[in-house]
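See below for the structure under consideration.
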Amino acid sequence: MTSVINLRQYHHGELPADFTEMLVDVHADAYANAMDLEFNQRFPWFANHWSNMEGFTCVVGFDGEEPTGFAYGAPLQPGREWWRSTGYQPNNGYSATFAVSEVLVRPGWRRRGIAERLHKALLLERPEDLAVLLVDVTHPKVQDLYGSWGYTKVGEQQPFADSPLYSVMIKDLH
């Protein structure tokens, strides 16, 4: 492993042919101990779904040509923001929201600040007012990490019957 991790951005409509396969491989490595869960097995569907959304952006970290992790998301349609069910009210009505769907790093590259670099690069030039993400409520250390990145928990939700219960976390972008 090198000490230099290079970041590459990918956007909807400009994705290489093997893009989804790369995400699936990185996800399988990151969740190797939990791939027996049906929810994790559906990741290829989620990767295809998100990458086909207008405004989709993904930042992938590379150690040489080896992907180390990724962060991706897309703008949410007005009225479909994940925070709507929580009672959260945006400041002065500014509610354009970018959903951070995934931030993950493969085990061999964890605890090196890569997740934070991926996240910052993903949100760097976003025009939306807010970023929102969901964190499994059974992972308080992950919630604390996002809190240190400027997110605040505004509620909880379970988006799918077989998904975990998630904390809904919001970050002002401007």
Side-chain angles (χ1 to χ4, degrees), residues 1-77 80 82 97-128 130-136 138-139 141-143 145-146 148-151 159-160 162-164 166-169 171 173:
M1 280 184 254
T2 66
S3 61
V4 176
I5 303 297
N6 295 306
L7 304 182
R8 299 180 196 163
Q9 281 212 5
Y10 299 89
H11 302 279
H12 170 74
E14 303 170 0
L15 303 175
D18 62 346
F19 180 76
T20 300
E21 181 180 329
M22 174 184 61
L23 296 184
V24 168
D25 289 347
V26 171
H27 180 271
D29 189 24
Y31 287 96
N33 295 333
M35 285 307 294
D36 58 332
L37 299 174
E38 185 177 339
F39 186 72
N40 286 336
Q41 293 172 5
R42 290 203 321 258
F43 179 75
W45 180 89
F46 286 106
N48 279 321
H49 170 76
W50 281 92
S51 63
N52 283 309
M53 291 177 73
E54 192 68 36
F56 170 82
T57 301
C58 181
V59 179
V60 182
F62 287 90
D63 183 347
E65 290 302 310
E66 186 73 23
T68 63
F70 59 80
Y72 72 68
L76 295 174
Q77 295 297 315
R80 306 229 11 169
W82 295 345
T97 304
F98 184 81
V100 178
S101 179
E102 294 284 343
V103 178
L104 62 87
V105 176
R106 294 172 62 195
W109 287 270
R110 290 183 182 153
R111 302 194 188 283
R112 295 173 52 191
I114 295 171
E116 185 174 13
R117 285 187 59 209
L118 292 167
H119 176 265
K120 280 184 178 179
L122 180 66
L123 297 181
L124 185 61
E125 296 181 12
R126 295 303 321 167
E128 293 83 12
L130 305 168
V132 63
L133 53 76
L134 304 177
V135 181
D136 188 325
T138 64
H139 297 124
K141 288 183 181 180
V142 177
Q143 289 181 64
L145 176 67
Y146 287 125
S148 75
W149 295 355
Y151 286 87
F160 302 99
D162 63 342
S163 73
Y166 290 108
S167 293
V168 179
M169 299 187 77
K171 174 185 175 84
L173 295 179

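No side-chain donor-acceptor contact under 3.5 Å links His11 to the backbone of Thr57.
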Could you go through the side chain to side chain contact (heavy atoms under 4.5 Å, CB included) check for Leu104 and Val26 one step at a time? CA-CA 8 Å; Leu104 62 87; Val26 171; 3.5 Å; yes

Between Leu134 and Val168, does the side chain to side chain contact (heavy atoms under 4.5 Å, CB included) criterion hold? Intermediate values first, please. CA-CA 5 Å; Leu134 304 177; Val168 179; 3.7 Å; yes

For Val135 and Leu133, run side chain to side chain contact (heavy atoms under 4.5 Å, CB included): C-alpha distance rounded to whole Å, both residues' side-chain angles, the deciding distance at 0.1 Å, then the answer. CA-CA 7 Å; Val135 181; Leu133 53 76; 3.4 Å; yes

Run Arg112 and Ile5 through side chain to side chain contact (heavy atoms under 4.5 Å, CB included) and show every step you take. CA-CA 10 Å; Arg112 295 173 52 191; Ile5 303 297; 4.2 Å; yes

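Residue Phe43 holds its CZ atom at 8.5 Å from OG1 of Thr20, rounded to the nearest 0.5 Å. Atoms NE2 and CZ, from His49 and Arg42 in turn, are 12.0 Å apart once rounded to the nearest 0.5 Å. With rounding to the nearest 0.5 Å, the separation of CZ in Arg80 from OG1 in Thr97 is 13.0 Å. Leu23 CG to Leu15 CG: the interatomic distance, rounded to the nearest 0.5 Å, is 8.5 Å. Between atom CG of residue Leu145 and atom CE of residue Met169 there is a gap of 9.0 Å, rounded to the nearest 0.5 Å. Distance CH2/Trp82 to OG/Ser101: 5.0 Å, rounded to 0.5 Å.
Residues satisfying the salt bridge (Lys or Arg N to Asp or Glu O under 4.0 Å) criterion with Glu128, sequence neighbours excluded, are Arg126. With sequence neighbours left out, the side-chain contact (heavy atoms from CB on, under 4.5 Å) criterion links Pro16 to Tyr10, Asp18, Phe19. In this structure, the side-chain contact (heavy atoms from CB on, under 4.5 Å) partners of Pro107, at least two apart in sequence or on a different chain, are Asp29, Arg110. Qualifying ring-ring contact (aromatic ring centres under 6.0 Å, His included) partners for Tyr146, counting only residues two or more places apart in sequence or in other chains: Trp149, Tyr151. Taking Glu21 as the reference, nothing meets the side-chain hydrogen bond (donor to acceptor under 3.5 Å, both in side chains) condition, with sequence neighbours excluded.
Residues His12 and Met53 form no side-chain contact, since every pair of their non-hydrogen atoms from C-beta on lies 4.5 Å or further apart. Between Leu123 and Leu173, the closest side-chain pair of non-hydrogen atoms falls below 4.5 Å.
In terms of heavy atoms, Pro159 sits closest to Pro164 at CD-O, 4.3 Å. In plain terms, the two heavy atoms of Val105 and Ala115 that are nearest each other are CG2-N, 3.7 Å. Heavy atoms only, all atoms of each residue included: His119 and Val103 are closest at CD2-CG2, 4.4 Å. Contact record, Val60 with Cys58: CG2-SG, 3.7 Å, taken as the closest heavy-atom pair. A pairwise comparison of heavy atoms in Gln41 and Pro44 identifies O-CD, 3.3 Å as the closest pair.
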Only pairs under 3.5 Å count here: list side-chain donor-acceptor contacts from residues 65-75, not counting sequence neighbours, and write none if there are none.
unit_1: Glu65; atom_1: OE1; unit_2: Arg8; atom_2: NH2; d: 3.3
unit_1: Glu65; atom_1: OE2; unit_2: Arg8; atom_2: NH2; d: 3.0
unit_1: Glu66; atom_1: OE2; unit_2: Arg106; atom_2: NH1; d: 2.6
unit_1: Glu66; atom_1: OE2; unit_2: Arg106; atom_2: NH2; d: 3.4
unit_1: Thr68; atom_1: OG1; unit_2: Gly61; atom_2: O; d: 3.1

